[in-house]
Amino acid sequence: MLKFLFFLLFMMPICFMKNMFWMVQNMFFFCFFIFFLLKFNLSMFSMQLYFGMDLLSFGLILLSIWICSLMIMSSSNIYFNNLNFNYFLFNILMLLLLLMLTFMSLNLFMFYVFFESSLIPTLFLIFGWGYQPERLQAGLYLLFYTLFASLPLLMGLFYIFNNYFSLNFMFFKEFKLNNFLLYFFLVFAFLVKMPMFLVHLWLPKAHVEAPVSGSMILAGILLKLGGYGLIRTFPIIISMSSKLNIFWLVLSLVGGFLVSLICLRQIDLKSLVAYSSVAHMSLVIGGLMVLLSWGWGFSYSLMIAHGLCSSGLFFLVNLFYERLGSRSLFINKGMLSFMPSISMWWFLLCSSNMAAPPTVNLLGEIGLLNSIIGWSKMTMILLMLISFFSAAYSLYLYSYSQHGKFNVSNLSFSFALNREYLVLFLHWFPVNFLILKSDLMVFLF
């Protein structure tokens, strides 16, 4: 574990050297493959004092390194226009380091510290490299929504430590807490991060104002921190959860349906993809709340799949934004005749977004539908609506941006670059081929 953290620490000087932009990105890929080939026993007991990994954290760390390397690859504009790219690289490096520490922590307090710290580099990304002046408001939304929910969580951690003298994940099954306030504090902080409907307003704002790299890391990893935190903390509050989780489950499923309807009236491409993230995460929350091993296992696979698929869609939106200077659906029309080869990637990623086979999204959604309906048959109506409208807004996104009357002012014809095709391939390929390792993707507890 320590070797990877030192590997990242010693990369810091490289960020500030001349002509080393692509070197940092290559080193990230190198780190990914070394980590991927790591032959270790995937149990929580492969741990050194404070840090350890099981399959859950292993998959999310791999996803973090992968998305961070693709972030650098897709942010070449920052490099070519010399927009403080040294600090940009340093920022991403710090973010990756904090995310790896978050997923490796075996202690709930350390997890909390790193979980909150990952907010700071994200805020710098939005403030420093965002597009419109509204990014200041978006950053503050992100900060205050998260802090508002997190401070009660910190109080809850102190309470647990005061009574049980440990915050180690190993011992959580032994704790039996029947305190409603504590249950609310522990769950709510992670639901805001997911984000759950009603506390989701920071997400579309942050996405729309963030640069492409900020959107990719937000959709790819930072939303997954909430689900990871819920899985880690549920053993403490299991007795309260079995009674009260119905409230969160119904709220998230109704919210998922309403957000799917909101997606159908978006005219900003980025905003549409951001709202679709909220709809997908509502299914994940539902799967986690039923407290069944199927629900937990398949919500993990949907989190991984959504991280790659949503990130790829944000990159595609940015690709149009760089060419046309707008994200509006009224201007981004008829792109089939403008960039036909990119239309294929739009089709592939939109179909992944609506959970078409053979994507891991399909695997995750089928498992989640099974587990939620197995918990209560009444949820079938809501799940049916969510699934239908998920396909509807993906189709709406594809057909409106690719077909229609072409805007004459866009005639400065432009192909995509090889680098952009590579980024798209590296988003799409894992989503479709991880299905071959579906036994790992669905780690049943």
Side-chain angles (χ1 to χ4, degrees), residues 1-5 8 31-67 96-115 118 157 160 166-175 186 190 193-194 220-238 241 284 287-308 360 363-364 367-368 371 430 434 437-445:
M1 234 73 70
L2 205 58
K3 52 185 170 284
F4 294 104
L5 300 179
L8 291 176
C31 183
F32 173 85
F33 287 113
I34 297 291
F35 196 82
F36 189 68
L37 298 171
L38 194 60
K39 302 265 193 300
F40 68 76
N41 174 21
L42 274 178
S43 74
M44 227 4 174
F45 297 101
S46 64
M47 57 181 181
Q48 293 95 30
L49 195 60
Y50 284 112
F51 295 113
M53 269 181 293
D54 60 355
L55 190 56
L56 175 65
S57 23
F58 181 65
L60 287 167
I61 290 170
L62 279 179
L63 183 66
S64 306
I65 305 171
W66 191 250
I67 296 286
L96 179 59
L97 192 65
L98 290 168
L99 285 170
M100 283 178 77
L101 287 167
T102 309
F103 292 128
M104 284 178 183
S105 296
L106 287 182
N107 183 296
L108 193 55
F109 181 71
M110 286 179 65
F111 167 75
Y112 173 84
V113 169
F114 295 127
F115 167 78
S118 60
L157 297 193
I160 296 168
S166 173
L167 284 173
N168 198 308
F169 292 147
M170 293 286 117
F171 308 131
F172 279 4
K173 286 195 175 73
E174 310 305 318
F175 303 168
L186 282 175
F190 297 121
K193 199 72 172 174
M194 287 288 282
I221 313 296
L222 296 177
L223 301 192
K224 315 303 173 270
L225 283 170
Y228 178 80
L230 281 175
I231 291 176
R232 290 291 186 231
T233 51
F234 265 142
I236 313 177
I237 45 175
I238 200 83
S241 304
V284 172
L288 293 173
M289 289 298 169
V290 294
L291 299 176
L292 299 172
S293 63
W294 266 51
W296 283 19
F298 283 105
S299 60
Y300 166 70
S301 67
L302 189 60
M303 283 197 293
I304 299 278
H306 171 265
L308 290 159
V360 183
L363 177 79
L368 287 173
S371 60
L434 277 174
K437 289 299 284 179
S438 50
D439 52 336
L440 272 181
M441 290 306 299
V442 186
F443 82 113
L444 295 173
F445 285 75

Supply the atom-to-atom distance [X] [atom1] to [Y] [atom2], rounded to the nearest 0.5 angstrom.
X    : Y    : atom1 : atom2 : result
T233 : I231 : OG1   : CD1   : 9.5 Å
L101 : M110 : CG    : CE    : 7.0 Å
L63  : I221 : CG    : CD1   : 3.5 Å
L97  : T102 : CG    : OG1   : 9.5 Å
F32  : I61  : CZ    : CD1   : 12.0 Å
K193 : L223 : NZ    : CG    : 8.5 Å

- Task: Return the set of residues passing side chain to side chain contact (heavy atoms under 4.5 Å, CB included) with S299 (not counting sequence neighbours), or none when no residue passes.
- Result: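 Partners of S299 by the side chain to side chain contact (heavy atoms under 4.5 Å, CB included) criterion, ordered by chain and then number, come out as V284, L288, L368.
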- Query: Who are the side chain to side chain contact (heavy atoms under 4.5 Å, CB included) partners of S166, not counting sequence neighbours?
  - Reply: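 S166 satisfies side chain to side chain contact (heavy atoms under 4.5 Å, CB included) with N168, F171, F175 only.
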- Under 30°, 30 to 60°, or over 60°: which ring-plane class applies to F58 and F35, parallel, tilted or perpendicular?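 Plane angle under 30°, so parallel.
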Taking all heavy atoms of [X] and all of [Y], pick out the closest pair and write down the distance.
X    : Y    : value
L99  : S64  : CB-OG, 4.3 Å
I65  : C31  : CD1-SG, 4.2 Å
S241 : L291 : CB-CD1, 3.7 Å
L363 : F298 : O-CD2, 3.3 Å
L225 : F111 : O-CZ, 4.3 Å
S301 : G364 : OG-CA, 3.4 Å

- Query: So L167 and Y112, side-chain contact (heavy atoms from CB on, under 4.5 Å) or not? Walk me through it.
  - Reply: CA-CA 11 Å; L167 284 173; Y112 173 84; over 6 Å; no
- Stepwise ring pair (Phe, Tyr, Trp, His ring centres under 6.0 Å) check, F190 with F234: CA-CA 11 Å; F190 297 121; F234 265 142; 9.2 Å; no
- Side chain of Y228, backbone of F103: donor and acceptor closer than 3.5 Å?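 Such a contact is found between Y228 side chain and F103 backbone.
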- What's the verdict on side-chain contact (heavy atoms from CB on, under 4.5 Å) for F114 and L98, showing C-alpha distance, side-chain angles and the deciding distance? CA-CA 6 Å; F114 295 127; L98 290 168; 4.0 Å; yes
- Stacked cation flag R232 on F169, 6.0 angstrom / 45 deg: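 Verdict for F169: a cation-pi partner in R232.
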- Is there a side-chain contact (heavy atoms from CB on, under 4.5 Å) between V360 and I304 once you walk through the steps? CA-CA 8 Å; V360 183; I304 299 278; 5.7 Å; no
- Item | side-chain hydrogen bond (donor to acceptor under 3.5 Å, both in side chains) against K224, all qualifying residues, sequence neighbours excluded |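 With sequence neighbours excluded, K224 shows a side-chain hydrogen bond (donor to acceptor under 3.5 Å, both in side chains) to H306, given in chain and number order.
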